[in-house]
2 protein chains.
Amino acid sequence: MTVVRSPTRVPSPRRREILDAAATLFAARGFHGVSIEEIGGAVGISGPALYRHFSGKESLLSEMLLDISERLRTSAVERATRAADGEQALDALLAGQIDFALDHPALITVHDRELGNVPEPARRRIRRLQRLYVEEWVTVLTELYPDAPPPRLRAATHAIFGLLNSTPHSAGELPRDAMAALLHRMARAALADLVNDH
Amino acid sequence: MTVVRSPTRVPSPRRREILDAAATLFAARGFHGVSIEEIGGAVGISGPALYRHFSGKESLLSEMLLDISERLRTSAVERATRAADGEQALDALLAGQIDFALDHPALITVHDRELGNVPEPARRRIRRLQRLYVEEWVTVLTELYPDAPPPRLRAATHAIFGLLNSTPHSAGELPRDAMAALLHRMARAALADLVNDH
DNA sequence: CTCGGATGTTAGTCATCATTAACCGATTCG
DNA sequence: CGAATCGGTTAATGATGACTAACATCCGAG
């Protein structure tokens, strides 16, 4: 039996390969600090061949950020709805973000660094997805801490993202499992503090 | 009586002005995404006039990061030595980093984003200062949690930096004082968790 | 008053870089 | 067998941008 072709075009492995290489380079020196030639070179082809896969450098970045934002958000929605209660939902969100940050440090880096270089049609969509992702967290947190005002929960969510996304800076300090456990516990403890007044 | 001229040249206000404007621009679109012309324009002069104050664009960036790293580190050393005990030292470090992050979000952003674009002589010095800053935190934490191995404390320190440096992302969610208090408490709670096993 | 330094200006120069053009081999499919 | 599509190549092209040159102005000191 043959595989059913989904309506979205089958993703060529080259595309993904290019996106991965570009993410690493962008994370190291920024979008404008990397040339098309370099990105091509990183995957064994040279320069203008990229235009067979992307319509331009900015499209490449747009697609990269769009993909990241989508993956984060849909993963969050899935995990949160699967959870039995608020506590489990929070743990699931934490685990998802931690896994992503540990598995794809370059994507995390690019994700919160390069939005300012995305051209306008795509930028709005990315921002929208990022906002939805944050609101997913805020919804879960609201269930756990009903007395905390939403702006406080939003600020706390961003703080937790910062904590979890520190992995690119502390790479190699601890084995992966220990790092995941440490981040999970620290984030949990930081959030537990929200239960208090003010 | 005339003021004694210190050996380091008196800092012209223009230099500082340029550094501030450049920091804001770099934070928004990255080092290579901003032109000399733009930086000049932001302070009312135009383009090549910058070369009267800096020997080049990269020197400008080097000096910016060097200055930030130095300020963070010396402030940390001062605060830590002034403190009576470990608890107070930690609170002082937290307060210092939080103030800096709230007062200079652009500098914070540039500081951990653009090291990869600093040319080699300066890069080493900046890394050194950053390392010393981290070790200052690790020293204080070691006093509080003598059983935790240093890599764990270093990872935790980076995580706390990420948490505190989230302010550029949550700008405007809360008034400054509330934000400072929230971050301080969350960081404290996250670190208190380190006292536990493993 | 005038000399010199500090600070600007505008007009090059030279590299780099994104993008396009023109061309080519392979694979698929009719 | 073609013919087309896919994915590459190398050689323009055109902008942009960092940096330099040449020249002006202001101002303080001798």
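What you see is a predicted model, and the numbers here were worked out from it, not measured in a lab.
A sub-4.0 Å separation between OP1 or OP2 of C:dG8 and a side-chain N or O of B:H53 is present.
With sequence neighbours excluded, the residues that form a ring-ring contact (aromatic ring centres under 6.0 Å, His included) with B:F100 are B:H104.
In this structure, A:R15 atom CZ and D:dC6 atom P are separated by 13 Å, rounded to whole Å. A straight line from CG of B:L50 to C1' of D:dT20 spans 14 Å, rounded to a whole angstrom. Atom P of nucleotide C:dA6 and atom CZ of B:R14 are separated by 16 Å, given to the nearest angstrom. Residue A:E58 contributes atom CD, which lies 13 Å from atom P of D:dT16 at whole-angstrom precision. With rounding to whole Å, A:Y51 atom OH is found 19 Å from D:dC6 atom P. We find that CZ of B:R52 is positioned 11 Å from P of D:dT20, with the value rounded to whole Å. Distance, A:E37 CD to D:dA11 C1': 12 Å, rounded to whole Å. Rounded to a whole Å, the NZ atom of B:K57 is 8 Å from the C1' atom of D:dG17.
Residue A:F26 is tested with A:N117, A:L61, A:L107, A:T109 for a side chain to side chain contact (heavy atoms under 4.5 Å, CB included); the sole match is A:L61.
Using a cut-off of 4.0 Å between Lys/Arg side-chain N and Asp/Glu carboxylate O, B:R152 and A:E173 are scored as not salt-bridged. A salt bridge is defined here as a Lys NZ or Arg NE, NH1 or NH2 lying under 4.0 Å from an Asp or Glu carboxylate O, and B:E87 with B:R188 meets this definition. Using a 4.0 Å cut-off between a side-chain N of Lys or Arg and a carboxylate O of Asp or Glu, B:D99 and B:R176 qualify as a salt bridge.
For the helix from C:dC1-D:dG30 to C:dG30-D:dC1, the terminal axes (five pairs an end, C1' atoms, rotation from four pairs onto the next four) enclose an angle of 10°, given to 10 degrees.
Residue A:R128 places its CZ atom among 12 or fewer non-hydrogen atoms of other residues, nucleotides or ligands, all under 6.0 Å distant. Other residues, nucleotides and ligands place no more than 12 heavy atoms under 6.0 Å from the CZ atom of A:R125.
Near DNA chain C, defined here as any heavy-atom distance below 4.0 Å, the residues from residues 38-49 of chain B are B:I45, B:S46, B:P48, B:A49, listed numerically.
Taking the centre of each ring, A:F161 and A:Y133 come in below the 6.0 Å mark.
Contact detail for B:I36 and B:G47: the closest heavy-atom pair is CG2-O, 3.5 Å.
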